[in-house]
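For the single chain, residues carry numbers from 1 onward in sequence order. Everything quoted here is computed from the prediction, not taken from an experiment.
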Amino acid sequence: MRTITIMKNDSGQRLDKFLLKRFKTMPKSLMHKYIRTKYIKLNSKKTTPEVFLNEGDVLTLYIKDEFFIEAKKEYEFMKASKKLDIVYEDENLMLIDKKPGVIVHQDKNYDSDCIVNRVHRYLYEKGEYNPDLDKAFSPALVNRIDRNTGGIIIGAKNAMALRILNEKVRTREISKFYLCVVKGNPKKKSDTLKDYLTKNEKTNTVKVSKNKTENSKEIITKYKVLSYDKERNLSLCEVELLTGRTHQIRAHMAHIGHPLLGDEKYGDKALNRKFHQSHQLLCSYKLRFDFLSDAQELNYLNGKEFMLDDVSFVKDGKINI
């Protein structure tokens with residue numbers, strides 16, 4: 001007989017979901033049998049698979065020892081770099097300045113040096129994350145940024161923060177602002193663009209059109225021109241994402257005739273070569289928490305704005321390349 005005490009990050013989820021995450025080699029049918037026959041009890045009483053767990057609950061388990069045997073602890077995240085540019089951190093979340101060229105999650109090439117693994121290593125070495133105790137949760141990222149785009153990534157340090165922040169992103173209560181350099185000088189110095197985007201999974205590209213199609217999704221992009229370099233015919237723009245789709249800013253600005261400098265997928269390759277730019281000049285430089293509904297334990301963030309002090313291609317409000 002063994003016991004498991006439910007920790008904070010394991011609370012709020014169904015018993016069956018917790019058990020399947022905790023005992024990865026246990027067949028689902030056997031898990032249900034253990035619960036039905038009282039080989040698994042909750043707070044010393046018979047329970048059901050769909051019951052929700054609370055912090056401090058105690059599970060009593062009369063199950064085979066083999067399910068408790070763990071593999072040798074060799075954490076993948078320890079292979080990641082220690083380099084992490086932290087913009088802000090508290091007990092619930094982190095804001096990280098991701099540099100261009102670094103991936104957010106492991107990709108098909110299984111690159112262990114990604115932002116999420118750097119976060120895991122940082123918190124593990126800091127003593128705030130222990131994979132052996134937090135069986136059903138690991139710190140996670142709330143938003144994504146393309147490999148060759150830089151800017152602020154939100155990391156949730158506990159399950160509560162992840163749940164709330166994911167919901168606030170879904171309901172568009174976190175405002176995200178980007179800086180970018182585009183070709184030419186837009187006629188409208190500020191505008192809100194509304195179109196439709198269709199993604200091609202095979203080529204990992206998107207297409208923007210005025211008309212809605214079967215597989216398209218609406219995109220809304222708001223921009224304003226901050227400065228114009230007449231000599232080089234380049235504009236520095238601030239862009240606010242009102243929807244968050246794949247390559248939205250890059251494809252939307254290209255659609256109106258002002259592709260991002262350095263963008264090899266949607267941009268002007270000759271212009272990129274002229275200015276020796278190999279990746280898009282795009283940076284998620286500012287975010288603001290604009291909660292319109294209760295954010296519970298994260299209400300203290302409402303109205304707060306965070307901004308990067310340094311964007312590589314901007315200096316004194318003008319293009320710096």
Name all residues meeting the side chain to side chain donor-acceptor pair (under 3.5 Å) criterion together with H32; count only those two or more places apart in sequence or in a different chain, and write none if there are none. none

Would L179 end up clustered with L234 when hydrophobic side chains under 4.5 Å apart are linked, directly or stepwise? yes

Mark yes or no for whether R121, through its side chain, and M78, through its backbone, hold a donor-acceptor pair below 3.5 Å. yes

Is there a donor-acceptor pair closer than 3.5 Å between any side-chain N or O of N299 and the backbone N or O of A295? yes

Side chains of R245 and H252: any donor to acceptor distance under 3.5 Å? no

If you compare all heavy atoms of L308 against all heavy atoms of S284, which two are closest, and at what distance to 0.1 Å? CD1-O, 4.0 Å

So, N233 versus N185: side-chain donor-acceptor pair below 3.5 Å or not? no

Any salt bridge linking D146 with R250? Criterion: basic side-chain nitrogen under 4.0 Å from a carboxylate oxygen. yes

Assign the ring pair Y124 / Y75 to parallel, tilted or perpendicular, where the plane angle (0 to 90°) is split at 30° and 60°. perpendicular

Please collect all side-chain hydrogen bond (donor to acceptor under 3.5 Å, both in side chains) contacts where either partner lies in residues 272-281, sequence neighbours excluded, each pair once. T149-Q280, E264-N272

F18, L42: one ILVMFWY side-chain cluster at the under-4.5 Å cut-off? yes

Shared hydrophobic cluster for V104 and V87 (ILVMFWY, side-chain gaps under 4.5 Å): no

I'd like to know if the side chain of D90 and the backbone of N92 have a donor-acceptor N/O pair within less than 3.5 Å. yes

Output yes when a side-chain donor or acceptor of N9 lies under 3.5 Å from a complementary backbone atom of A159, and no otherwise. yes

Hey, quick one: are L93 and V142 part of the same hydrophobic cluster, counting side-chain heavy atoms closer than 4.5 Å, chains of contacts allowed? yes

Ion pair E238/K286, N-O distance below 4.0 Å: yes

With side chain to side chain contact (heavy atoms under 4.5 Å, CB included) as the criterion, how do L15 and T48 come out once you've worked through the C-alpha distance, each side chain's angles and the decisive distance to 0.1 Å? CA-CA 8 Å; L15 172 61; T48 57; over 6 Å; no

Sorted by chain and residue number, the ring-ring contact (aromatic ring centres under 6.0 Å, His included) partners of Y88 (sequence neighbours excluded) come out as F306

I need the full list of ring pair (Phe, Tyr, Trp, His ring centres under 6.0 Å) pairs touching residues 181-230, with sequence neighbours left out, sorted by first then second residue. none

Can you list the residues that meet the side chain to side chain donor-acceptor pair (under 3.5 Å) rule with H258, with sequence neighbours excluded? none

Answer yes if V116 and L95 sit in the same cluster of Ile, Leu, Val, Met, Phe, Trp and Tyr residues linked by side chain heavy atoms under 4.5 Å apart, and no otherwise. no

Does a salt bridge link D290 with R172, judged by any charged N lying under 4.0 Å from a carboxylate O? no

Pair D10 + K8: basic N to acidic O under 4.0 Å: no

Any side-chain heavy atom of K82 sitting closer than 4.5 Å to one from E125? yes

Among pairs that include at least one residue of residues 51-61, which meet side-chain hydrogen bond (donor to acceptor under 3.5 Å, both in side chains), considering only residues two or more places apart or in two chains? N43-D57

Output for pair (T3 OG1, L61 CG), nearest 0.5 Å, gives 8.0 Å

Holding to ring-ring contact (aromatic ring centres under 6.0 Å, His included), I want the full list of residues that pass it with Y266, two or more places apart in sequence or in another chain. H247

Under 3.5 Å: donor-acceptor pair, side chain of Q248, backbone of T243: yes

Under 3.5 Å donor-acceptor, S235 side chain and G184 backbone: yes

D16/R14 ion pair, N-O < 4.0 Å: yes

Determine yes or no for a side-chain-to-main-chain donor-acceptor pair under 3.5 angstrom, with K224 supplying the side chain and E240 the backbone. no

Polar side-chain atom of K189 near backbone of P186 as donor-acceptor pair, under 3.5 Å: yes

Apply side chain to side chain contact (heavy atoms under 4.5 Å, CB included) to V239 and C180, showing your working. CA-CA 8 Å; V239 179; C180 62; 3.8 Å; yes

Restricting to ring-ring contact (aromatic ring centres under 6.0 Å, His included), what partner residues turn up for F23, sequence neighbours left out? F68

Check ring-ring contact (aromatic ring centres under 6.0 Å, His included) between F177 and all other residues, then give those that pass, not counting sequence neighbours. none

What pairs of residues pass the side-chain hydrogen bond (donor to acceptor under 3.5 Å, both in side chains) test when at least one of them lies in residues 310-321, not counting sequence neighbours? none

Expected output: side-chain R118 to main-chain K83 donor-acceptor under 3.5 Å: yes

Is there any salt bridge (charged side-chain N to carboxylate O under 4.0 Å, His left out) pair reaching into residues 148-171, and which pairs are they, with sequence neighbours excluded? E89-K157, E128-K157, E167-R170, K168-E173

Under 6.0 Å between the ring centres of Y285 and Y178? no

Is the Y34 ring parallel, tilted or perpendicular to the F67 ring (thresholds 30°, 60°)? perpendicular

Per the salt bridge (charged side-chain N to carboxylate O under 4.0 Å, His left out) rule, what does the pair list look like for residues 23-36, sequence neighbours excluded? none

